[in-house]
> 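Okay, handing you the structure first.
Every value quoted in this text rests on a predicted model; they were computed, and no experiment measured them. Start at 1 with the first residue, then count along the sequence.
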Amino acid sequence: MKIIERYASAVRSANLKSDPRTTMSDTDVLGAMGLAAKHEPLAAALQRLFCGDNSAAVQIVELLSDEVWKQARGLRVKLNRVQAVDMARACLAWHRDGTCKPCGGHGVTLIPGTKTLGTQKCKPCLGEGKVPFERQFPAPQRELARWLIAQMEKSQAEAGPAAMRKLRDLMD
């Protein structure tokens, strides 16, 4: 079982007794993720969010908005703090669930009054089945938004390995 799956199970555990004979008890996994959060706060917050802790979204938006604001300064793109927060929220919402709601992610319209798919392309998503990401941001800010999505994907990929490094330290 992967560490991410162990973490998802541990946050819902009713038994948080520590077992000295193992380093993979629920408390060990939760502690490892907590320690990993010191070095990878975005990764840990994203993991909490995708395990069901919706309150992590506030921390994620705060972290992302700070990062995108700094990136904008480096690229000399006009972006104030409020726009940075708005961009962080929009990118997180798209990353979390970018499915087009009118077509349910199928890319084609439903036949009215039924649950059967029709043959016409969905107009809101242009047949892609996802909320159009590019059209949410003005041209100068699109590159920043793409960068922000890449940061979230990179951080999510680092959550498990960071926790495993902390568990490895416990095993020594």
Side-chain angles (χ1 to χ4, degrees), residues 1-13 26 29-108 121-166:
M1 186 182 293
K2 293 182 179 180
I3 186 71
I4 300 304
E5 294 163 347
R6 293 273 312 149
Y7 178 71
S9 172
V11 295
R12 291 174 181 79
S13 177
D26 290 340
V29 172
L30 293 172
M33 191 61 81
L35 290 170
K38 284 184 170 183
H39 301 288
E40 300 288 342
L42 179 59
L46 282 165
Q47 192 56 47
R48 282 195 340 265
L49 178 72
F50 287 104
C51 283
D53 182 5
N54 289 330
S55 65
V58 174
Q59 181 186 12
I60 293 168
V61 167
E62 185 179 303
L63 291 167
L64 290 175
S65 65
D66 284 345
E67 289 297 316
V68 77
W69 187 78
K70 290 174 191 171
Q71 184 74 4
R73 293 289 155 261
L75 296 174
R76 300 192 191 283
V77 174
K78 287 184 89 174
L79 187 77
N80 63 37
R81 288 285 186 172
V82 174
Q83 290 171 318
V85 170
D86 289 344
M87 182 181 286
R89 283 185 184 135
C91 287
L92 179 60
W94 187 86
H95 182 67
R96 193 174 183 186
D97 182 21
T99 304
C100 177
K101 303 302 181 235
C103 70
H106 297 291
V108 293
K121 270 189 179 179
C122 176
K123 289 181 184 175
C125 70
L126 303 174
E128 292 181 16
K130 290 190 75 76
V131 174
F133 180 74
E134 301 289 323
R135 289 186 273 157
Q136 294 183 44
F137 305 99
Q141 295 176 0
R142 281 189 194 126
E143 195 60 38
L144 284 172
R146 283 189 210 111
W147 177 83
L148 210 51
I149 292 292
Q151 288 300 107
M152 281 189 282
E153 290 170 352
K154 178 182 162 201
S155 289
Q156 247 186 310
E158 292 172 353
M164 284 305 291
R165 282 191 297 276
K166 295 303 176 184

> Is there a side-chain contact between Trp147 and Glu67 in this structure, where contact means two heavy atoms from C-beta onward sitting under 4.5 Å apart?
yes
> Which atom names give the shortest non-hydrogen contact between Ile149 and Phe133, and what distance separates them?
CG1-CZ, 3.5 Å
> Would Gln136 and Val131 count as a side-chain contact (heavy atoms from CB on, under 4.5 Å) here? Give the steps.
CA-CA 9 Å; Gln136 294 183 44; Val131 174; 3.5 Å; yes
> Among Met152, Glu153, Gln59, which residue meets the side-chain contact (heavy atoms from CB on, under 4.5 Å) test with Leu46?
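The residue from Met152, Glu153, Gln59 that satisfies side-chain contact (heavy atoms from CB on, under 4.5 Å) with Leu46 turns out to be Met152.
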> How far apart are the closest heavy atoms of Cys122 and Pro102, and which atoms are they?
SG-CB, 4.3 Å
> With rounding to the nearest 0.5 Å, note down the distance linking NE2 in His106 to SG in Cys125.
11.0 Å
> Heavy atoms only: give me the nearest Gln141-Val77 pair and the separation to one decimal.
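Shortest heavy-atom contact: CG-CG1, 4.5 Å.
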> Could you tell me whether the side chain of Leu64 reaches within less than 4.5 Å of the side chain of Cys91, counting heavy atoms only?
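Of all side-chain heavy-atom pairs linking Leu64 with Cys91, none is under 4.5 Å.
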> When rounded to the nearest 0.5 angstrom, what distance separates CD in Gln47 from CD1 in Ile60?
10.0 Å
> Within the supplied structure, the quantity of interest is the number of heavy atoms (other residues, nucleotides, ligands) at a distance under 6.0 Å from Arg73 CZ; does it exceed 12?
yes
> If every non-hydrogen atom of Leu92 is compared with every non-hydrogen atom of Val61, which pair is closest and at what distance?
CD2-CG2, 4.0 Å
> Are any non-hydrogen side-chain atoms of Asp97 and Lys130 less than 4.5 angstrom apart?
no
> Nearest 0.5 angstrom please: Glu40 CD to Ser155 OG, how far?
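That separation rounds to 6.5 Å.
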> Rounded to the nearest 0.5 Å, how far apart are CG of Leu79 and OG of Ser65?
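Those atoms lie 9.5 Å apart.
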> Got a second to check how far Met87's CE is from Gln71's CD, nearest 0.5 Å?
11.0 Å
> What's the shortest heavy-atom distance between Pro124 and Arg135, and which atoms?
O-NH2, 3.1 Å
> What do you reckon, is NZ of Lys123 surrounded by more than 12 foreign heavy atoms closer than 6.0 Å?
no
> If you measure from CG on Leu144 to CZ on Arg146, what distance do you get to the nearest 0.5 Å?
10.0 Å
> What I want to find out is whether Asp66 reaches Arg81 closely enough, with some N-O distance under 4.0 Å, to be called a salt bridge.
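A salt bridge is present here (some side-chain N lies under 4.0 Å from a carboxylate O).
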> Start with the C-alpha distance between Asp86 and Gln83, add both sets of side-chain angles, then the distance that settles side-chain contact (heavy atoms from CB on, under 4.5 Å), and finish with yes or no.
CA-CA 5 Å; Asp86 289 344; Gln83 290 171 318; 5.5 Å; no
> Quick one: list whatever passes side chain to side chain donor-acceptor pair (under 3.5 Å) with Asn54, sequence neighbours left out.
Arg96
